[in-house]
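Each remark here refers to the structure printed beneath this line.
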Amino acid sequence: MRTFKNQMQAFAIKQLLKYVERDPEANAAKALKVIRKIDIDGTYGSSWDELEKCLQDPQNNWTRLVKKAYTEWDPHVRKKLFESLICNAAIIGNSAIKVTSKKYGVNVPWTILMDPTSACNLKCTGCWAAEYGHRMSMDLETLDRIIREAKALGVYMFIFSGGEPLVRKKDIIELCEKHPDCYFLAFTNGTLIDEAFADDMLRVGNFAPAISVEGYEEETDMRRGKGTFQAVMKAMEILKRKRLLFGMSTCYHRKNVDVVGSSEYMDFMIDKGAAFVWYFTYMPVGSDAVPELMVTSEQRKFMYEQVRMFRKTKPIFAMDFWNDGEYVRGCIAGGRYYFHINANGDVEPCAFIHYSTVNIKNVSLLEALKSPLFKAYQQRQPFNKNHLRPCPLLDNPKSLKEVVHVSEAYSTDMLKPENVDELTGKCTHTAENWGEVADHLWYSRPENQNIEIQHQEKTNHPEKALTL
């Protein structure tokens, strides 16, 4: 429930948005000076200083992004993004979850990832969802209950995945209508986006799709099936024409990394209308996984460098789920910033970690956050002092093995349960190779030199570990 302070914050931001609307180019930087004061808890610290400097430079990438919001997006869509995502989720929600986390002794996340269904209209190579078929789904009442309980804890951002979440697009729109104070995003293959659904998006304003695409036609159709790329291009054309906010989700693997990491490809997607890109790397999860698609250490380093270059040169908001661990101090899963609920209701620490100890159909959201598996995560995060090695599976496989065994978690794969020892075994070699590259990147920085000295001390003198 919102406090009087929250209501005043929301009112102030809405007034500022009206002020910016009058003359975005002239007023955006001025409004930021006031908005940062509304961040009473100092959640974003020096980030406000950096953003303020950026907006004073008309050629800066952030300035170009703000300008894009006012020239390419429908006013109602822009208004809902600022009110529901920035005001409610990023500022008011972040303040609230600090209070509720302390009150209940758990990690209350910033967002929750949910699978409305396991059904999908595609069968992508190496995708675990392709194995499940139409066997699992969460009904509308359960999804609505999760959102209501989450809002009581301060969570206003929700993400849908699957399966293909737009198999349930009618229910998704209904949830957007029921919760106009929240913001919703979906990882979707994009093939079910049509004129009617785009009109629904325009009406509610608080929903954005991240369309999965893995390069141009050859690379995308290789994993997702012939004709998928053209269907995606059609969806993007509809969304851009209707001035809707959307982005792209790209899985980079050994066979497409040079394409999806190129400037030419990024320029192509920006031209198609994508406002953000979320990069993921291929994970060998599931019995039908193809470990040979995992990237090499050199390829992961290439993506690390390219994403940082994009942020300086391209008008698109770029994120890398693994390589951005340095900005959030390691792994964000297990409720720390997010967690996952699959279509069967199993509460998992991460979309890529298919183990659980509770099911949301049997417990409240707060009880789920107190689960043994989440506690095991919380006690061990960060899993590595090098935040370029954040993941307990991809980067620290021994950690995931320990967490699953200690919490006595079960595999949530209905068809072919995967033993955690076998799963982590597929990542051991890759983790070791990336560890050498990541340590060089991390410990070569002056600010991390002391961490390296402590690491060496603990290695050479284990008895000193508890005092460092």
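Residue numbers start at 1 and run along the sequence shown. The structure displayed is predicted, hence computed values, not measured ones.
- For Y279 and Y304, the gap between ring centers reaches or exceeds 6.0 Å.
- The main-chain N or O of V347 is found under 3.5 Å from a side-chain atom of S356 such that the two form a donor-acceptor pair.
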Practice prompt. Check the pair F184 / Y156 against ring-ring contact (aromatic ring centres under 6.0 Å, His included), numbers first and verdict last.
Written response: CA-CA 9 Å; F184 299 88; Y156 291 90; over 10 Å; no

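- Remark: K401 engages no residue in a salt bridge (charged side-chain N to carboxylate O under 4.0 Å, His left out) (not counting sequence neighbours).
- Within the structure, side-chain hydrogen bond (donor to acceptor under 3.5 Å, both in side chains) contacts touching residues 423-435 (residues at least two apart or in different chains) are E418-K426, H429-N433.
- We find the CD1-OH distance between I332 and Y337 to be 9.0 Å, quoted to the nearest 0.5 Å.
- With sequence neighbours excluded, no residue forms a salt bridge (charged side-chain N to carboxylate O under 4.0 Å, His left out) with D258.
- A salt bridge links R380 to E402: at least one charged side-chain nitrogen sits closer than 4.0 Å to a carboxylate oxygen.
- Listed by chain and number, the residues in a side chain to side chain donor-acceptor pair (under 3.5 Å) with R203 are E177, D200 (sequence neighbours excluded).
- Here ring pair (Phe, Tyr, Trp, His ring centres under 6.0 Å) pairs that include residues 74-99, with residues two or more places apart or in two chains, number zero.
- Remark: aromatic rings of Y377 and F339 are distant, center separation not under 6.0 Å.
- Rounded to the nearest 0.5 Å, atoms CZ (R78) and OH (Y70) are 5.5 Å apart.
- Scored by the ring-ring contact (aromatic ring centres under 6.0 Å, His included) test, W322 finds F352 as partners (sequence neighbours excluded).
- For the atom pair I112 CD1 and I159 CD1, the distance stands at 10.0 Å (nearest 0.5 Å).
- Scanning for side chain to side chain donor-acceptor pair (under 3.5 Å) contacts around N396 gives N384, with sequence neighbours left out.
- Within the structure, ring pair (Phe, Tyr, Trp, His ring centres under 6.0 Å) pairs that include any residue of residues 223-266 comprise Y216-Y265 (at least two apart or interchain).
- Between atom CD of residue Q306 and atom CE of residue M266 there is a gap of 9.0 Å, rounded to the nearest 0.5 Å.
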Item to complete: Verify side-chain contact (heavy atoms from CB on, under 4.5 Å) between Y282 and V257, making sure each step is shown before the conclusion.
Response: CA-CA 10 Å; Y282 181 76; V257 67; over 6 Å; no

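- Once rounded to the nearest 0.5 Å, the distance linking OG1 of T296 with CZ of R254 reads 6.0 Å.
- By the salt bridge (charged side-chain N to carboxylate O under 4.0 Å, His left out) test, K255 is found to be paired with no residue, residues two or more places apart in sequence or in another chain being considered.
- Two residues are said to be in side-chain contact when any heavy atoms from C-beta on lie closer than 4.5 Å; I97 and L153 fail this criterion.
- Residues forming a salt bridge (charged side-chain N to carboxylate O under 4.0 Å, His left out) with D74 (at least two apart in sequence, or on another chain): none.
- Using cut-offs of 30° and 60° on the angle between ring planes, the pair H387 and W442 is tilted.
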Item to complete: Decide yes or no on side chain to side chain donor-acceptor pair (under 3.5 Å) for H340 and D115, but give the supporting numbers first.
Response: CA-CA 8 Å; H340 179 237; D115 297 349; 2.9 Å; yes

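- Here K170 does not pair with E174 in a salt bridge; the nearest charged N to carboxylate O distance is not below 4.0 Å.
- Take R241 and apply the side chain to side chain donor-acceptor pair (under 3.5 Å) test, not counting sequence neighbours, and it matches E195, E237.
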Discussion item. For a salt bridge (charged side-chain N to carboxylate O under 4.0 Å, His left out) check, start with the C-alpha distance between E326 and R445, then their side-chain angles and the critical distance, and finish with the verdict.
Written reply: CA-CA 12 Å; E326 63 179 308; R445 300 176 187 175; 2.7 Å; yes

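- Taking the side chain to side chain donor-acceptor pair (under 3.5 Å) definition, one finds that R300 meets it with N323, D395, sequence neighbours left out.
- Between R308 and D320, no side-chain nitrogen of the basic residue sits less than 4.0 Å from a carboxylate oxygen of the acidic one, so the salt-bridge criterion is not met.
- No side-chain N or O of N88 forms a donor-acceptor pair with one of E83 less than 3.5 Å apart.
- With hydrogens and angles left out, the side-chain atoms of T117 and E164 include no donor and acceptor closer than 3.5 Å.
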Worksheet entry | Criterion side-chain contact (heavy atoms from CB on, under 4.5 Å) on F158 and M114, from CA distance to verdict | CA-CA 8 Å; F158 300 90; M114 303 183 285; 4.1 Å; yes

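- We find that K385 and D439 are not joined by a salt bridge, their nearest charged nitrogen and carboxylate oxygen being 4.0 Å or further apart.
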